[in-house]
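Convention: sequence-line order gives letters A, B, ...; per-chain numbering from 1.
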2 protein chains.
Amino acid sequence: MYQRKLPKEYYCTVDYALDIFGGKWKPRLLCILGHKKSMRYGEIKDQMENISDAALADSLKELQQQDIIERKQYNEMPIRVEYSLTNKGKTLLPVLNTISNWAIKNSTPDMYKGMHFNDVHKDLFK
Amino acid sequence: MYQRKLPKEYYCTVDYALDIFGGKWKPRLLCILGHKKSMRYGEIKDQMENISDAALADSLKELQQQDIIERKQYNEMPIRVEYSLTNKGKTLLPVLNTISNWAIKNSTPDMYKGMHFNDVHKDLFK
DNA sequence: CGGCATCCAAAGCGATACTG
DNA sequence: CAGTATCGCTTTGGATGCCG
């Protein structure tokens, strides 16, 4: 299994923050989770469109370890797993919103794939 | 020369923003530049402490291409080059400040190397 | 259904040497 | 002084297959 190692020391506060919610998958993952109370693994994977199981599982695990998201397993048949933001994770939403608003001001809809720009991120976390 | 390719399409506004100011070096670089009117190449390199010329030159070039920083060359002897934030680049400072404030609330000074946490980023861009 | 393990390819980056 | 060129290592991540 691939697992990213978090460095233990940083030079900059922004580096620390982006180590938690930056990278290839986590920003989008958090934006998607930020719109729902909770989501199942497969539901997240569908909305991420092009992510592999390995990358999704690793991202989810890292975010759990940082206390940003919570995992709840229901041992039904078939098994059901729900992910949701923790209280700490919710404090990221205004931060993501600030970043998103800057991006919207400095980009155009045609730079985006799928429905994410207009239907989701324009009103992110209001 | 190594040069990162910017993808042309994004799934998420946050991805777009982090493509501009995220990554290993650019957050710290922008934080450092954000405190001065302009800085010389060598001055930036000293404050970045552990960056290689290749990585620094590439980061500076990318940020120029995105109109975040500006390069001015003075053909003195020896040559002098000054970098500074553009107007667009300055609009990033409140965004970086928001991220930094979240990080400060969720980390401790001992997680940081050097003087950056206490002496610089605590009062970032005030 | 919700993952994890393995293999492999590509990207990112550092060290070194060199240049106008 | 302010970079650029090249090499090779390390990290990242996609594809595939398997499992409880």
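You'll find that the side chain of A/V81 is closest to C/dG2, out of D/dA15, D/dG3, C/dG2. Checking D/dG14, C/dG2, C/dG14 against the side-chain heavy atoms of A/A55 singles out D/dG14 as nearest. Side chain of B/Y41, nearest nucleotide from D/dG3, C/dG20, C/dG2: D/dG3. The B/A57 side chain lies nearest to D/dT4 when the options are D/dT4, C/dC13, C/dC1.
Proximity of B/K61 to the phosphate of D/dG3: no side-chain N or O atom is located under 4.0 Å from OP1 or OP2. In this model, the phosphate group of C/dG2 is not approached by any side-chain N or O of A/R80 to a distance below 4.0 Å at OP1 or OP2. At least one side-chain nitrogen or oxygen of A/R40 sits closer than 4.0 Å to the OP1 or OP2 atom of C/dG2. Not one side-chain nitrogen or oxygen of B/R71 sits closer than 4.0 Å to the OP1 or OP2 atom of D/dA2.
Rounded to whole Å, atom C1' of C/dC1 lies 7 Å from atom CD1 of A/I79. For B/Q73 and D/dG3, the CD to C1' distance is 10 Å, given to the nearest whole Å. In this entry the distance linking CG of A/D58 with C1' of D/dT11 reads 13 Å, nearest Å. With rounding to whole Å, B/E49 atom CD is found 18 Å from C/dC13 atom P. Taking atom CD of residue B/E43 and atom P of nucleotide D/dC1, one finds them 12 Å apart after rounding to whole Å. Look at CD1 on B/I44: it is 13 Å from C1' on D/dG3, rounded to the nearest Å. Nucleotide D/dA2 holds its P atom 10 Å from the CD atom of B/E76, rounded to whole Å. The CG-P distance, from B/D53 to D/dT6, rounds to 16 Å in whole Å.
Counting heavy atoms from C-beta on, the side chains of A/S107 and A/Y112 come closer than 4.5 Å.
Counting only distance, with no hydrogens or angles, the side chain of A/R28 and the backbone of B/D15 share no donor-acceptor pair below 3.5 Å. In terms of modelled atom types and a separation under 3.5 Å, the side chain of A/S100 and the main chain of B/T13 share no donor-acceptor contact. A donor-acceptor pair under 3.5 Å is formed between the side chain of B/N101 and the backbone N or O of B/N97. No donor-acceptor pair closer than 3.5 Å links the side chain of A/K26 to the backbone N or O of A/S59.
Between A/N50 and B/L60, it is B/L60 whose nearest contact on DNA chain D lies nearer the 5' terminus. Annotation: of the two residues near DNA chain C, A/P78 and B/W25, the 5′-most nearest-nucleotide partner is A/P78.
Nucleic acid contact class of B/Y83 (heavy atoms, under 4.0 Å, all strands): sugar-phosphate only. Among the atoms of the strands shown, none is found under 4.0 Å from any heavy atom of A/K45.
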